[in-house]
Structures are given as C-alpha cells and as structure tokens.
Amino acid sequence: MNEAILFYLFSGLTVLAALYVVLTKNPTYAVLSLVAAMFCLALLFVLLRAYFIAAVHILVYAGAILVLFLFVVMLLGVGREENSNRRQMEYRVSGGLVIAGFLTGIGLMVKAVSGNREGAPVLTGTIEEVGKLLFNRYWLPFEITSILLLVGIIGAVVLSRKEQGQAGGQ
Amino acid sequence: MITLNHYLILSGCLFAIGMYGIITRRNALLMLLSVELLLNAANLSFVAYARYRGDLAGQAFVFFTMVVAACEVAIGLAVAILLYRTRETLNTDEINSLKW
C-alpha cells in the first residue's frame, strides 16, 4: 500500500519533470528539471531495491553528467529557443504522432505479455551483490568499459582542443 | 500492488517523452539532453526486470549503460562545442551543408 503511493507519487513527478525538459524554452531550466527527474528516478530505483544503482545514478548523472551539461550551457551562452515558424509546428505534429504510435505499441505489448512470474525471489541490490556479479561473471565488460572511458577522455580532449596558431602563446 | 507492467509503462512514457524532445528541439545541446532521457527510461526498465525476475544482471547492465552514457555525453558535448566554434550557431535547422 505504501509502495503504491510512493510509486505513483514519484512516477508522476518524473513524468512532470521529463515533460518540462522537452517543453520549456529556457535551456538552463531544462537541464535543472532533468536533474529533478534523475532524483525521482533514483527514488524509483530505491523502491525497486536497487540501492547501489540509485546511489551511482545520483553521483554519475546528477553529479557529473548534468553538471557538465550545465557548464556547457552556461559557457556557450545558449539563449531561449525562439518560436513559431511553420516548421516548428510540423515538428510538433510529427512528434505527437510518434508519441501516440509508440505509446500504443507499448500498451499493446505490455497487455500481451502480462504474465508475471510470481515465484521469482526478490533480491536486494546491495553493493556486495552487484559487485559479485560485476567482478565474477561480467568481468570482461567491466574491463572493456574502463577502456571505453579512456577512449572517451582522449576523444573529448582532442576534439575540443584549439588548433595550433589559434591559441595565444607558444 | 505494483507489478512489472506499471514500471514498463512508465519507462515507455519516459521514452516517448524523450523521443518527442529529440524530434521537436532544434538546439543541439537540448537534443543531447533528450537522449539522456531515453537512456534513463531504458535503465528504469532494466532495473524493473532485475527486481521482478530475481536476477541482478539487470542492475549490472545499468552500470555499464551509465558508463557508456557518460562517454557519449562527453564526446557529444565536445562535438557541440566544435559546432558552435565553426558555425556560430547551435540551431540544427541551419546546419544543413551536407544536405542535397
């Protein structure tokens, strides 16, 4: 009963924050409302007994990725989105059609596959349990993601470096 | 009683909202933000399956998805900064020099 109340409350907040992300004209408000959506999603993860994932979600997404977004938005001086030409209305109509089609598909699929496996044990996603999986069975993807992070760092630094002769000194 | 279907429908709604954001937004940074929303909808569905089917592999996969999302955001923002440096605009309606 409590779980139902919490689920509806936090899922409603998440959907509201996500709608504000895609509908607002101010880019700073969009990033900040995505931060709010991340917090609500972390609360939903806690409801699903994924405690480690909830903490890592807040640390990585709200604490690193969205802060990076906010820095770039502030440094580039992104202004408000200007409004209403004919193409924008076409975008909105096609977006609405895509959403309607997608939600219909999801609803039909969920209704067709609704046989819940009630005998499955409810595991608690503590850091020990997830760590046992990460370091025993999924060890190879773990190492590959560390190489991926290295490649990402090198790529971001190389891409955003100024050309020789554009910078001041040397 | 909250079943798996509730979480799947919520994940589908978030995914649809993210898709609407990608189609409607004209600013490159805000498009990347909507892609983050898509990734988080998929993460939610992974964790829901991990809980309702008694297998923690879904949570391990969310871990890997987060790492991939972090790398993609870093490189995507670097590309957006480069775009702004060369074109002076982030409006994707005006970045069409590859079109026929």
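Note on naming: letters A, B, ... go to the chains in the order of the sequence lines (proteins, then strands), and numbering restarts at 1 for each one.
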With a 4.5 Å heavy-atom cut-off, do [X] and [Y] have their side chains touching?
X: A:Phe7; Y: B:His6; value: yes
X: B:Thr24; Y: A:Val22; value: no
X: A:Tyr91; Y: B:Arg25; value: no
X: A:Tyr61; Y: B:Glu36; value: yes
X: A:Ile106; Y: B:Leu8; value: no
X: A:Leu44; Y: B:Tyr7; value: yes
X: B:Cys71; Y: A:Val151; value: no
X: A:Val98; Y: B:Tyr20; value: no

Search all heavy atoms of [X] against all heavy atoms of [Y] and return the closest pair with its distance.
X: A:Tyr138; Y: B:Ala60; value: CD1-CB, 4.1 Å
X: A:Leu134; Y: B:Phe64; value: CD2-CZ, 3.5 Å
X: A:Ser160; Y: B:Ala78; value: CB-CB, 4.5 Å
X: B:Val47; Y: A:Ala50; value: CG1-CB, 3.7 Å
X: B:Asn40; Y: A:His57; value: OD1-CE1, 2.7 Å
X: B:Ala16; Y: A:Phe102; value: CB-CD2, 3.7 Å

Given heavy-atom pairs under 4.5 angstrom as the criterion, report whether the side chain, backbone, both or neither of [X] touches chain A.
X: B:Ile17; answer: both
X: B:Leu90; answer: side chain
X: B:Asp55; answer: backbone
X: B:Leu56; answer: both
X: B:Leu29; answer: both
X: B:Leu14; answer: side chain
X: B:Leu32; answer: both
X: B:Ala69; answer: both

Does [X] belong to the same Ile/Leu/Val/Met/Phe/Trp/Tyr cluster as [Y], with side-chain heavy atoms less than 4.5 Å apart forming each link?
X: B:Val35; Y: A:Leu66; value: yes
X: A:Leu19; Y: A:Val31; value: yes
X: A:Val73; Y: B:Leu30; value: yes
X: A:Val21; Y: A:Leu68; value: yes
X: A:Val60; Y: A:Phe69; value: yes

I'd like to know which of [options] tops the heavy-atom pair count under 4.5 Å against chain B.
options: A:Val158, A:Leu133, A:Ile153; result: A:Leu133
options: A:Ile99, A:Val56, A:Leu103; result: A:Ile99
options: A:Thr14, A:Leu23, A:Ile144, A:Leu76; result: A:Leu76
options: A:Val130, A:Leu149, A:Val157, A:Leu47; result: A:Leu149

Shorter than 4.5 Å, heavy atoms on both sides: which option in [options] has the most such pairs with chain A?
options: B:Ile81, B:Val68, B:Val67; result: B:Val67
options: B:Asn43, B:Leu37, B:Leu33; result: B:Leu33
options: B:Ile9, B:Val62, B:Ile23, B:Asn91; result: B:Ile23

Kindly compute the distance separating [atom1] ([X]) from [atom2] ([Y]), expressed to the nearest 0.5 Å.
X: A:Ser11; Y: B:Ile2; atom1: OG; atom2: CD1; answer: 8.0 Å
X: B:Met66; Y: A:Thr145; atom1: CE; atom2: OG1; answer: 12.5 Å
X: A:Tyr51; Y: B:Gln59; atom1: OH; atom2: CD; answer: 10.0 Å

May I ask you to decide if the ring planes of A:Phe142 and B:Phe63 are parallel, tilted or perpendicular, using 30° and 60° as cut-offs?
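Geometry flag for B:Phe63 against A:Phe142: parallel rings.
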
Crowded around [X] [atom1]? As in, over 12 foreign heavy atoms under 6.0 Å?
X: A:Phe10; atom1: CZ; value: yes
X: A:Leu9; atom1: CG; value: yes
X: B:Tyr49; atom1: OH; value: no

For chain B, which residues from residues 33-41 of chain A have at least one heavy atom closer than 4.5 Å to it?
A:Leu34, A:Met38, A:Leu41

Check each atom of A:Thr126 against the heavy atoms of chain B and say whether the ones under 4.5 Å are side chain, backbone, both or neither.
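For A:Thr126, neither part sits under 4.5 Å from chain B.
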
